[in-house]
Amino acid sequence: MSIIITLPAVSEEFPFAVGEWPPFISSNAPGYGLHSELISEIFESQGHTVKLEFYPWRRSLELTKAGTLPATYSWSYLEEREDDFIYPEHPLDQLNDVFFTAKTAFRTVCRHFQSMSLRAAP
């Protein structure tokens with residue numbers, strides 16, 4: 001996961017366009033979620049404050065791309081975004097997305113995903 005920045009912020013309050021993604025980002029979670037706490041710690045260590053503005057994810061990306069808000073975070077890297085956004089050298093987090101199925105349905109699911117490398121959990 002990365003922070004995407006389009007414009008340098010001039011004030012000491014940094015607004016971020018974000019969406020709901022519990023437990024990483026959530027308007028209902030303590031500290032607004034795990035990623036939000038990390039972002040706040042990073043910016044506060046440099047003497048700045050963070051302001052989160054919650055929008056649907058697509059709008060968060062569009063507002064950042066347009067420069068309406070200077071930054072957003074917890075996006076996966078995509079090469080096609082490089083023309084519009086600056087990615088940090090080090091990601092905020094790294095996640096592995098998986099899916100799972102009941103053991104009784106495993107063989108049926110495998111037939112649908114033959115090109116994937118699947119194995120039963122121990």
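Just so it is clear, the structure is predicted and the values come from calculations on it, not from any experiment. Below, each value reflects all heavy atoms present in this structure, side chains not excepted, and no hydrogens, waters or symmetry copies.
- You'll find the ring centres of F16 and F43 inside the 6.0 Å limit.
- Checking Y87, F24, W57, F85 one by one against W75, the ring pair (Phe, Tyr, Trp, His ring centres under 6.0 Å) holds for a single residue, W57.
- For R59 (side chain) and G19 (main-chain N/O), no donor-acceptor pair under 3.5 Å exists by modelled atom type.
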Item to check | From CA spacing to verdict: side chain to side chain contact (heavy atoms under 4.5 Å, CB included), V18, H35 | outcome: CA-CA 11 Å; V18 296; H35 287 178; over 6 Å; no
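- Taking both residues in full, the closest heavy atoms of A29 and G33 are given as CB-N, 3.7 Å, listed atom of the first, atom of the second, then distance.
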Checklist entry - Is there a side-chain hydrogen bond (donor to acceptor under 3.5 Å, both in side chains) between E12 and T49 once you walk through the steps? => result CA-CA 6 Å; E12 290 194 0; T49 59; over 6 Å; no
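- Side chain of T72 to main chain of A17: a donor-acceptor pair is present (N/O by atom type, distance under 3.5 Å, no hydrogens or angles).
- Listed here is the closest heavy atom pair of G31 and S36: O-CB, 3.4 Å.
- Taking CG of L52 as the reference point, atom OG of S40 lies at 6.0 Å (rounded to 0.5 Å).
- The CD atom of E62 sits 6.5 Å away from the CZ atom of R58 when rounded to the nearest 0.5 Å.
- Note: T68 OG1 to Y55 OH = 8.5 Å, rounded to the nearest 0.5 Å.
- S74 contributes atom OG, which lies 5.0 Å from atom CG of L92 (distance to the nearest 0.5 angstrom).
- A donor-acceptor pair under 3.5 Å links the side-chain atoms of S45 to the main chain of I42, judged by distance alone.
- For the atom pair I39 CD1 and L34 CG, the distance stands at 12.0 Å (nearest 0.5 Å).
- In this structure, Y32 and F54 have tilted ring planes: the angle between them lies in the 30° to 60° band.
- Between the CD atom in E41 and the CD atom in Q46 there is a gap of 12.5 Å [rounded to 0.5 Å].
- A salt bridge links K51 with E53; the closest basic N to acidic carboxylate O contact falls under 4.0 Å.
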